[in-house]
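One structure is given here, and the rest of the page talks about it.
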Amino acid sequence: MMPGVIGNRSKRELPRVFALANQKGGVGKTTTTVNLGASLADLGYKVLVVDLDPQGNATTGLGIDGRNFDVSIYDVILHDVLLEDCIEPTSIRNLFIVPATIDLAGAEIELVPAFSRELRLRKAIDQVRDDFQYILIDCPPSLGLITVNGLAAASEVLVPIQCEYYALEGVGQLLRNVELVRANLNPGLEVTTIVLTMYDGRTKLADQVVAEVRSHFGDAVCRTVIPRSVRVSEAPSFGQPVTVHDPSSRGAIAYRELAKEVSGG
C-alpha cells in the first residue's frame, strides 16, 4: 500500500471533484456514481455527473436518452466543445449530467496524437468547477487515456470494492496508476474514499472481505456498506437512481447514508 496516495476525507473544501475508478468491471462503480450523485443532490448540493464510460450507463441510468443530444463528453475531450454546452438536467433537482455516447469508444485511439491529451477533461471542468459543489466522474473500467483524463481532472478518487472473491485484485494496480498521475499530472490527487458494495450479510466471505479491506485501507473506507439488492440492480432499467425508484429500499437508505458520510453532513 502507498501511504501517500491515501488521503483524508474529512475537512475537504467545496467544490469537490471525484473520479470513481476501478479497472475491475462490475463492482458497482456506475451504480455508485448515479446513486451517490442523486443522494448528494437530495441533500441540497448542486451535483454534476460526468459520464466517461463509452457504455453510457450513468447517462441512461439517469433517464437521459443517448440519441437525444447533439454533443457529448466525446466532443468536449476531442473537439474542444465547452463542457457547459453539454450539461443536461436530470429529473432530480440539483442533479445534472454530461452524457456519454458510444463515440467515446474510439476516443482512446483518437487521443493518442492529441496535444496535451491527458489534461483535456481537466481544462473543460475548470470552466464549470465553481458552478457545482460536487462533480462525480464515472471512469470506464480500464486504465487507458480516458481514465487518465478522469484522474487528472479530479482532486479525489473514490474506489468501489465489491464484497466478493478477489475484491482487492486490481486495486493495487489502480493505486500505482493514481501514483503515476500524481507524479506526472496532478500532484494533489488522493484516494480519499473506498466504498464496499454488493455486501451480502448471509455469507461469511462478505464479512472477511470487509475486514480485509478495512485493515488494508483504514479510515479511507466508508462506514456505510452498500448491500446487494434487487432494487439497486433494477433501477437503471427504469432510468432512475434507486433513491427515486424505491426510496425506502435498503439500497436507497444505504446510498443516502453514504452521501451524508462523504459530505460530512
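No side-chain donor-acceptor contact under 3.5 Å links Asp200 to the backbone of Ala206. Although no hydrogens or angles enter the test, the distance criterion places no donor-acceptor pair under 3.5 Å between the side chain of Thr30 and the main chain of Ala58. A side-chain donor-acceptor contact under 3.5 Å links Gln133 to the backbone of Lys46. Side-chain N or O atoms of Asn149 include one that pairs as donor or acceptor with a backbone N or O of Arg117 at under 3.5 Å. Thr147 places no side-chain N or O within 3.5 Å of a backbone atom of Cys139 that could act as its donor or acceptor partner.
In this structure, Ile253 stands alone, with no Ile, Leu, Val, Met, Phe, Trp or Tyr side-chain heavy atom under 4.5 Å from its own, directly or through other members. Through direct or relayed side-chain contacts under 4.5 Å between Ile, Leu, Val, Met, Phe, Trp and Tyr, Phe115 connects to no other residue. Other members of the hydrophobic cluster containing Leu78, listed by chain and number, are Val17, Leu48, Val50, Leu52, Ile73, Tyr74, Val76, Ile77, Leu83, Ile87, Phe96, Val98, Leu104, Leu111, Val112, Leu121, Ile125, Val128, Phe132, Ile135, Ile137, Leu145, Ile146; membership follows side-chain contacts under 4.5 Å among ILVMFWY residues, whether direct or relayed. Using a 4.5 Å cut-off between side-chain heavy atoms of Ile, Leu, Val, Met, Phe, Trp and Tyr, Phe238 forms no hydrophobic cluster with any other residue.
Applying the salt bridge (charged side-chain N to carboxylate O under 4.0 Å, His left out) test to pairs two or more places apart or on separate chains, those with a residue in residues 130-159 are Arg16-Glu156, Lys29-Asp138. Among residue pairs with one or both ends in residues 167-215, none qualify as ring pair (Phe, Tyr, Trp, His ring centres under 6.0 Å); sequence neighbours excluded. The stretch residues 48-69 participates, sequence neighbours left out, in no ring pair (Phe, Tyr, Trp, His ring centres under 6.0 Å) pair at all. Note on residues 76-85: pairs passing salt bridge (charged side-chain N to carboxylate O under 4.0 Å, His left out), not counting sequence neighbours, are Asp80-Arg120.
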With a cut-off of 3.5 Å and sequence neighbours excluded, list every side-chain donor-acceptor pair involving residues 225-234.
| unit_1 | atom_1 | unit_2 | atom_2 | d |
| --- | --- | --- | --- | --- |
| Arg228 | NH2 | Glu164 | OE2 | 2.1 |
| Ser229 | OG | Arg231 | N | 3.2 |
| Ser229 | OG | Val232 | N | 3.0 |
| Arg231 | NE | Asp246 | OD2 | 2.7 |
| Arg231 | NH1 | Glu234 | OE2 | 2.6 |
| Ser233 | OG | Ser229 | O | 2.9 |
| Glu234 | OE2 | His245 | NE2 | 3.0 |

Compile the donor-acceptor pairs under 3.5 Å between side chains in residues 167-175 and protein atoms, sequence neighbours left out, one pair per line.
| unit_1 | atom_1 | unit_2 | atom_2 | d |
| --- | --- | --- | --- | --- |
| Gln173 | OE1 | Arg176 | NH2 | 3.3 |

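Shortest non-hydrogen contact noted between Gly251 and Val242 is C-CG1, 4.0 Å. Considering every non-hydrogen atom in both Leu40 and Ser263, the closest pair reads CD2-CB, 3.9 Å. Contact between Thr224 and Ala254 at its shortest, heavy atoms only, is CG2-O, 3.3 Å. Between Ala41 and Arg93, the shortest heavy-atom distance links the atoms CB-O, 3.5 Å. Residues Leu143 and Gln23 come closest through the heavy atom pair CD1-NE2, 3.2 Å. Minimum heavy-atom separation, Arg122 to Leu185: NH2-O, 2.5 Å.
In the hydrophobic cluster analysis, where Ile, Leu, Val, Met, Phe, Trp and Tyr join through side-chain heavy atoms closer than 4.5 angstrom, Tyr166 is grouped together with Val210. In the hydrophobic clustering of this structure, Leu158 groups with Tyr134; members are Ile, Leu, Val, Met, Phe, Trp, Tyr whose side-chain heavy atoms approach within less than 4.5 Å, directly or through other members.
Looking only at side-chain heavy atoms (C-beta outward), Val81 and Cys86 come within less than 4.5 Å of each other. Inter-residue side-chain proximity for Pro241 and Ile92 is flagged as met; some heavy-atom pair is nearer than 4.5 Å. Contact of the Pro54 side chain with the Glu108 side chain is not registered, since no non-hydrogen atoms from C-beta on lie closer than 4.5 Å. The shortest distance between side-chain heavy atoms of Phe18 and Val262 falls below 4.5 Å. For the pair Pro99 and Asp51, the minimum side-chain heavy-atom distance is 4.5 Å or more. Looking only at side-chain heavy atoms (C-beta outward), Pro160 and Thr33 stay at 4.5 Å or farther from each other. Looking at Cys163 and Met198, their side chains never come closer than 4.5 Å, going by heavy atoms from C-beta outward. Between His216 and Val213 there is no side-chain heavy-atom pair separated by less than 4.5 Å.
Here Thr243 contributes atom OG1 and Leu36 contributes atom CG; the two are 10.0 Å apart, rounded to the nearest 0.5 Å. Atom CG of Leu196 and atom CG of Leu258 lie 10.5 Å apart (nearest 0.5 Å). Between the OG atom in Ser91 and the CG atom in Leu62 there is a gap of 7.5 Å [rounded to 0.5 Å]. Here CG of Leu180 is found 12.5 Å from CG of Asn186. Values are rounded to the nearest 0.5 Å. Interatomic distance, CG of Leu151 versus CD of Glu118, reported as 11.5 Å (0.5 Å rounding). Between the SG atom in Cys222 and the CZ atom in Arg214 there is a gap of 8.5 Å [rounded to 0.5 Å].
Classification of Arg9 and Glu261 as a salt-bridged pair holds, one side-chain N sitting under 4.0 Å from a carboxylate O. The pair Lys204-Asp207 does not count as a salt bridge, with every side-chain nitrogen at least 4.0 angstrom from each carboxylate oxygen.
Take Ala183 and apply the side chain to side chain contact (heavy atoms under 4.5 Å, CB included) test, not counting sequence neighbours, and it matches no residue. Residues passing the ring pair (Phe, Tyr, Trp, His ring centres under 6.0 Å) test with Tyr255, sequence neighbours excluded: none.
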Item to complete: Verify side-chain contact (heavy atoms from CB on, under 4.5 Å) between Val159 and Phe217, making sure each step is shown before the conclusion.
Response: CA-CA 11 Å; Val159 185; Phe217 294 109; over 6 Å; no

Discussion item. Val49 vs Leu95, test: side-chain contact (heavy atoms from CB on, under 4.5 Å). Steps then yes/no.
Written reply: CA-CA 8 Å; Val49 168; Leu95 182 62; 4.1 Å; yes

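Heavy atoms from other residues, nucleotides or ligands lying under 6.0 Å from CG of Asp65 number more than 12.
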